[in-house]
Amino acid sequence: MLYISTRGGMQPQPFSETLLEGLAPDGGLAVPERLPQVDAETLERWRALTYPQLATEVLSLFATDIPRDDLARMTAAAYADFPDAVVPLRSIGGGLTLVGLSEGPTLAFKDMAMQFLGQVLEYVLEKKDRVLNIVGATSGDTGSAAEHALRGKERVSVFMLSPQGRMSSFQRAQMYSLQDENVHNIAVDGVFDDCQNLVKRLAGDLEFKRAQNLGAVNSINLGRIAAQVVYYFWAWLRVTDAVEPEFRPGFEVSFTVPSGNFGNILSGFFAKGMGVPIRRLVLAANENNVLDEFFRTGVYRPRSAADTHATSSPSMDISKASNLERFIFELVDRDPARVVAAWDALDAVGAIDFSAEQPRFESEFGIVSGTSTHADRLATIRSVYDETGEIIDPHTADGVKVAREHVESEVPMLVLETAKPQKFAETITEAIGVELDFSPELREMLAAPQRVTEMADDEQALRAFVAEHALR
């Protein structure tokens, strides 16, 4: 399995090289030369596997340059501290099932991929006798998941940009309370998209990137996308455990995915392309609904920082989705020239018009979308609590709200949970009047001293900071 760039300017390279590269040298994103295929017989054979074992099977299709025994050791280590089920499923009525993805150390779905990424990065760097300086941007959960997966690792340093005042107090504490020498938190005076733009500018300067050994762990990193594919397979297998064996092949389910950067739902798109019988992929947006607008109209029009709302589902406060380029690559039949032309148009006029292709979004790719607001969020948290006693976080509530609009009879609707409600306690209290309990460990984290560097939205200041603190 080799990987190419969406913009056509990268020689095909194996998984390990792609893992360290982050953004491709031509500014594009790495994608598989072809998606691996999994047939119904193989799916059935995987049914009895534990989650780490399933992860080994799926990831071995992507990381063909890593011996299977090494992959198995890394997946076992990645999920060793999760509950036995790793990803539990639970019904919340109305044809909806939550896929529990927040059992990891930072209580968010990002741990599912990031814990593996921490293992495999260390492995590859050791093999190549290299170091890596991760420069990333977070709207809330990616940063803490990355830092907790990479903290204390000798060959990796993390520079994580976050938007000042745009995360919950819990999210800030999870990141800023870390005292590890290889973790550098940088609070940028701006919104997430400003942070992301700074990261892309540094990654796009190939001389600086090589000199400072820069890499990425946000969802532009193909390793994260591949690791997230696993739980789509797992969820389908667990739902169809209750289906008579003769009816399992081709048994369709739908997934609703709260999404701001298009990484999580892209993994579902890959899973569908690999052979998981997925009928629909439902994208749930918050008030920053650029992606919902795109999938409804075919016009992609990112918003400015000034027009990016601060919402009660802050991890989705994103107006320019990094991973959409990978979908566009498939939409234009994998023609790099058309991808480059589209992004040139985006730079020139601030929008890309694919309205002529919009009917294909659902008919060919199975993607539909919807928007949820703060009022929707509160009402959904309240209704799920009243009906089931289950407390869901605001991003998951966005998913449930939009999922309810797309439920089809006899097609299970699976909603990807994004985080534990404790990460957004203020919104939970507003919705249902409940003060959430925090474990002694979480209370200690919230009270711990915080270490963060505040910085203007200034590329030169960031360059200087990275150059001063980077591993050599």
Side-chain angles (χ1 to χ4, degrees), residues 88 90-94 96 98-111 138-145 148 162-177 187 191-192 256 258-260 284-289 308-318 371-404 415-450:
R90 51 199 190 276
S91 171
I92 56 170
L96 271 58
L98 287 183
V99 181
L101 299 176
S102 59
E103 304 299 324
T106 71
L107 315 183
F109 84 91
K110 305 289 177 74
D111 291 323
T138 185
S139 55
D141 292 330
T142 293
S144 57
H148 282 260
S162 57
Q164 285 185 31
R166 293 274 183 152
M167 300 189 297
S168 74
S169 57
F170 191 104
Q171 289 174 312
R172 288 194 298 273
Q174 270 195 325
M175 292 173 58
Y176 301 166
S177 65
V191 299
F192 169 77
T256 297
S259 189
N286 67 7
E287 292 89 336
N288 296 296
N289 56 351
T308 301
H309 305 287
T311 77
S312 53
S313 51
S315 297
M316 291 155 59
D317 289 350
I318 298 169
T371 290
S372 172
T373 67
H374 179 66
D376 294 327
R377 230 164 275 137
L378 298 181
T380 303
I381 293 169
R382 195 176 303 122
S383 69
V384 170
Y385 181 66
D386 289 345
E387 293 164 17
T388 69
E390 180 103 29
I391 301 177
I392 58 175
D393 91 286
H395 308 76
T396 305
D398 288 333
V400 171
K401 184 266 182 183
V402 176
R404 286 170 169 170
V415 180
L416 297 194
E417 177 191 67
T418 61
K420 293 293 187 193
Q422 282 83 353
K423 298 194 79 165
F424 308 95
E426 299 91 340
T427 303
I428 302 304
T429 302
E430 183 181 357
I432 58 177
V434 170
E435 297 284 345
L436 296 177
D437 290 330
F438 289 86
S439 68
E441 292 81 9
L442 292 180
R443 286 198 297 271
E444 181 180 347
M445 178 198 73
L446 289 167
Q450 297 188 4

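As the structure is a computational prediction, the values presented were derived from the model and not from experiment. Positions are given from 1, in the same order as the sequence printed here.
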A.B. asks: Any idea which heavy atoms bring Ser259 and Met316 closest together, and the distance?
C.D. replies: N-CE, 3.8 Å
A.B. asks: Side-chain donor-acceptor pair under 3.5 Å between His148 and Thr106, yes or no?
C.D. replies: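 Absent: no donor and acceptor within the cut-off.
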A.B. asks: What heavy-atom pair brings Ala397 and Ile392 nearest, and what distance separates the two atoms?
C.D. replies: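 What the structure gives for the nearest pair is CA-CD1, 3.6 Å.
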A.B. asks: About how many Å separate OG of Ser144 and CZ of Arg172, when rounded to the nearest 0.5 Å?
C.D. replies: 13.0 Å
A.B. asks: Grab the two heavy atoms, one from Thr396 and one from Leu98, that are nearest each other, plus how far apart they are.
C.D. replies: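 Smallest interatomic distance, heavy atoms only, reads CG2-CD2, 3.8 Å.
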A.B. asks: Mind checking side chain to side chain donor-acceptor pair (under 3.5 Å) for Ser372 and listing every partner two or more places apart, or none if nothing turns up?
C.D. replies: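 In terms of side chain to side chain donor-acceptor pair (under 3.5 Å), with neighbours along the sequence ignored, Ser372 is linked to Asp398.
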A.B. asks: Please report the shortest heavy-atom distance between Phe170 and Gln422, naming the atom on each side.
C.D. replies: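 Closest approach of Phe170 to Gln422, heavy atoms only: CD1-O, 3.4 Å.
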A.B. asks: I want to check something: taking the side chain as every heavy atom from C-beta on, are Val434 and Thr429 in contact at a cut-off of under 4.5 Å?
C.D. replies: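 SC-SC contact between Val434 and Thr429 ruled out.
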A.B. asks: Would you check if the side chain of Asn288 reaches a backbone N or O of His309 as a donor-acceptor pair within less than 3.5 Å?
C.D. replies: yes
A.B. asks: Would you say Leu446 and Phe438 make side-chain contact, with heavy atoms under 4.5 Å?
C.D. replies: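 Leu446 reaches Phe438 side chain to side chain.
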A.B. asks: Do Ser162 and Tyr176 have side chains that get closer than 4.5 Å, going by heavy atoms?
C.D. replies: yes
A.B. asks: To check you understand the geometry: which heavy-atom pair defines the closest contact between Asp111 and Leu107, and what is its length?
C.D. replies: OD2-N, 3.3 Å
A.B. asks: Are Arg377 and Lys401 packed together at the side-chain level, in the sense that at least one heavy-atom pair is separated by less than 4.5 angstrom?
C.D. replies: no
A.B. asks: Side chains of Ser168 and Phe424: does their closest heavy-atom pair fall under 4.5 Å?
C.D. replies: yes
A.B. asks: Given side chains that start at C-beta, do those of Glu103 and Pro88 come closer than 4.5 Å, heavy atoms only?
C.D. replies: yes
A.B. asks: Under a plain distance cut-off of 3.5 Å, with no hydrogens placed, do Ser313 and Asn286 share a side-chain donor-acceptor pair?
C.D. replies: yes
A.B. asks: Classify the side-chain pair Asp317/Ser139 by whether it contains a donor and acceptor separated by less than 3.5 Å.
C.D. replies: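 There is no such pair (donor and acceptor under 3.5 Å, judged by atom type) between the side chains of Asp317 and Ser139.
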A.B. asks: Could you check whether any side-chain heavy atom of Ile381 comes within less than 4.5 Å of a side-chain heavy atom of Ile428, counting everything from C-beta outward?
C.D. replies: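 Ile381 vs Ile428: side chains touch.
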A.B. asks: Judged by atom type as modelled, is there a donor-acceptor pair below 3.5 Å linking the side chain of His395 to the main-chain atoms of Pro258?
C.D. replies: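 Side chain of His395 to backbone of Pro258, a donor-acceptor pair under 3.5 Å: no, none is there.
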A.B. asks: If you round to the nearest 0.5 Å, how far is OG of Ser102 from CD of Glu417?
C.D. replies: 3.0 Å
A.B. asks: Could you tell me if the side chain of Val402 sits less than 4.5 Å from the side chain of Thr371, heavy atoms only?
C.D. replies: no
A.B. asks: Hey, are Glu426 and Ser169 close enough side-chain-wise for a donor-acceptor pair under 3.5 Å?
C.D. replies: yes
A.B. asks: Ignoring hydrogens, what is the shortest heavy-atom contact between Pro314 and Arg166? Give both atom names and the distance.
C.D. replies: CB-O, 3.4 Å
A.B. asks: Begin with the C-alpha distance, continue with both residues' side-chain angles, and end with the deciding distance and a verdict on side chain to side chain contact (heavy atoms under 4.5 Å, CB included) for Glu430 and Leu378.
C.D. replies: CA-CA 7 Å; Glu430 183 181 357; Leu378 298 181; 3.4 Å; yes
A.B. asks: Scan Lys110, Gln174, Lys423 and name whichever one has a side-chain hydrogen bond (donor to acceptor under 3.5 Å, both in side chains) with Asp141.
C.D. replies: Lys423
A.B. asks: Can you run down the side-chain hydrogen bond (donor to acceptor under 3.5 Å, both in side chains) pairs that involve residues 379-388, sequence neighbours left out, and say none if there aren't any?
C.D. replies: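 Sorted result for residues 379-388: Ser383-Arg404.
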